[in-house]
Amino acid sequence: MPGETMEKKTAWATTALLASALLAGAPGAAAAADPPCVVHLDMPDVRINKPSVFLWVDEHAACDRYHPDSTWLITRPDASTRTLHFSGMHWPQPAGITFDDSEGFGTYEATGAGTSDLTENVYTQQSMSFLVKRASGVALTAQRSGSHVTTGGLARAYSPAANQFTDWPAAMVRLESRPAAGGAWVTLSTYRTNAAGRIPTHRWYAPQVRQFRLVALGTPQIWPANGTPQRR
């Protein structure tokens, strides 16, 4: 009957509305929780140029934090570990860390080992890597005589055994030049230093004044170095 059909439709619509209201209030239908706040460690690459190098290190997050307390696990290239701790009692002071020249050189990994603060935020610590290498340096000798410039030079690197910079044998060193007014550097020659860390002397034809510099290319354990340009 037409009237009966209308009553059934009305009852069905009422039931559907009630079911929707119940589902909306069910625990399983609650809004998804906010994603964890990501915490980053601001660890720079490290240049070892003396027996111990001290650094202030900070961390930052994508959300507001209040007296955070964090621990990071630092893994050396030989897989041994140490920890870096940020104390909530000293917030917002950064944490200090010392790298000794006996710890090893290469790629270090920093991974989270727990973080919290006085809020109810959920945090996740983002892993990162950084480099610890020995510092190096180069010194150019360049003398002009008429239309020629004679060059030579020395490469040195920090030595943990000597606790100071020493001659760097077998280093790859590039001699570069460019016009006196500036511009792109052009490689004149690439050398491998001798046992005393020196490159061969060479006499170049250069009728106009130019800039010269040495560049040490570096290794997996030693940082590269750009020498101070000289005008000759």
Side-chain angles (χ1 to χ4, degrees), residues 27-28 30-138 155-166 168 170-172 215-227:
D34 292 335
C37 177
V38 179
V39 180
H40 303 268
L41 182 65
D42 293 331
M43 173 67 77
D45 291 330
V46 183
R47 296 175 182 270
I48 301 296
N49 58 1
K50 53 188 176 180
S52 293
V53 175
F54 177 83
L55 298 173
W56 286 109
V57 182
D58 210 343
E59 62 178 5
H60 67 274
C63 59
D64 292 332
R65 306 175 77 199
Y66 186 66
H67 289 275
D69 195 278
S70 300
T71 300
W72 295 82
L73 187 68
I74 308 297
T75 303
R76 303 181 182 94
D78 65 0
S80 62
T81 61
R82 60 185 296 191
T83 57
L84 172 65
H85 183 69
F86 290 84
S87 173
M89 294 181 60
H90 301 133
W91 180 80
Q93 178 177 318
I97 186 170
T98 299
F99 290 90
D100 295 331
D101 63 6
S102 60
E103 288 194 68
F105 305 101
T107 302
Y108 282 57
E109 302 289 340
T111 54
T115 183
S116 62
D117 68 356
L118 298 184
T119 71
E120 296 182 356
N121 289 330
V122 178
Y123 298 102
T124 181
Q125 292 166 280
Q126 181 167 302
S127 300
M128 57 90 68
S129 62
F130 60 97
L131 296 173
V132 178
K133 295 186 181 185
R134 293 189 278 153
S136 69
V138 287
R156 310 194 88 199
Y158 178 78
S159 168
N163 290 335
Q164 62 182 2
F165 281 79
T166 60
W168 182 6
M172 294 298 296
V215 176
L217 303 186
T219 73
Q221 294 193 353
I222 302 176
W223 288 107
N226 291 335

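The analysis underlying the following values was restricted to heavy atoms, covering all of them including side chains, and did not include hydrogens, waters or symmetry mates. Computed from a prediction, not measured in an experiment: that's the story for all the values here.
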Can Thr115 and Thr71 be said to form a side-chain contact (heavy atoms from CB on, under 4.5 Å), step by step?
-> CA-CA 6 Å; Thr115 183; Thr71 300; over 6 Å; no

Not counting sequence neighbours, which residues clear side chain to side chain donor-acceptor pair (under 3.5 Å) with Trp72? List them please.
->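 For Trp72 the side chain to side chain donor-acceptor pair (under 3.5 Å) partners, ignoring immediate neighbours, are Glu59.
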
Looking only at heavy atoms, which two atoms of [X] and [Y] are closest? And how far apart?
X: Leu84; Y: Gly96; result: CD1-O, 3.9 Å
X: Gly88; Y: His67; result: O-ND1, 2.9 Å
X: Leu55; Y: Phe99; result: CD1-CE1, 4.1 Å

Aromatic plane relationship, His40 with His60 - under 30° parallel, 30 to 60° tilted, over 60° perpendicular |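 Correct class here is parallel.
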
Around atom CG of Asp64, are there more than 12 heavy atoms of other residues, nucleotides or ligands at under 6.0 Å?
->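 Incorrect, the count does not exceed 12.
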
Answer yes or no: is there a side-chain heavy-atom contact under 4.5 Å between [X] and [Y]?
X: Pro160; Y: Phe105; value: yes
X: Val132; Y: Phe130; value: yes
X: Phe86; Y: Leu41; value: yes
X: Thr107; Y: Leu131; value: yes
X: Arg134; Y: Ile222; value: yes
X: Tyr108; Y: Arg82; value: no
X: Asn163; Y: Tyr158; value: yes
X: Val138; Y: Trp168; value: no

Do the side chain of Asp58 and the main chain of Pro94 share a donor and acceptor less than 3.5 angstrom apart?
->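 Absent.
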
Is there a donor-acceptor contact under 3.5 Å from the side chain of Lys133 to the main chain of Pro224?
-> no

Interatomic distance, [X] atom [atom1] to [Y] atom [atom2] [nearest 0.5 angstrom]:
X: Asp117; Y: Cys63; atom1: CG; atom2: SG; value: 7.5 Å
X: Ser87; Y: Gln93; atom1: OG; atom2: CD; value: 9.0 Å
X: Ser136; Y: Gln221; atom1: OG; atom2: CD; value: 13.0 Å
X: Ser159; Y: Phe165; atom1: OG; atom2: CZ; value: 10.5 Å
X: Thr111; Y: Ile74; atom1: OG1; atom2: CD1; value: 7.5 Å
X: Arg65; Y: Thr119; atom1: CZ; atom2: OG1; value: 8.5 Å

Please step through side-chain contact (heavy atoms from CB on, under 4.5 Å) for the pair Gln164 and Thr166, ending with a clear verdict.
-> CA-CA 6 Å; Gln164 62 182 2; Thr166 60; 4.3 Å; yes

Does the side chain of Asp100 pick up a donor-acceptor pair with the side chain of Ser102 at under 3.5 Å?
-> no

Candidate pair His85 and Asp69, rule side-chain contact (heavy atoms from CB on, under 4.5 Å), full reasoning = CA-CA 8 Å; His85 183 69; Asp69 195 278; 3.0 Å; yes

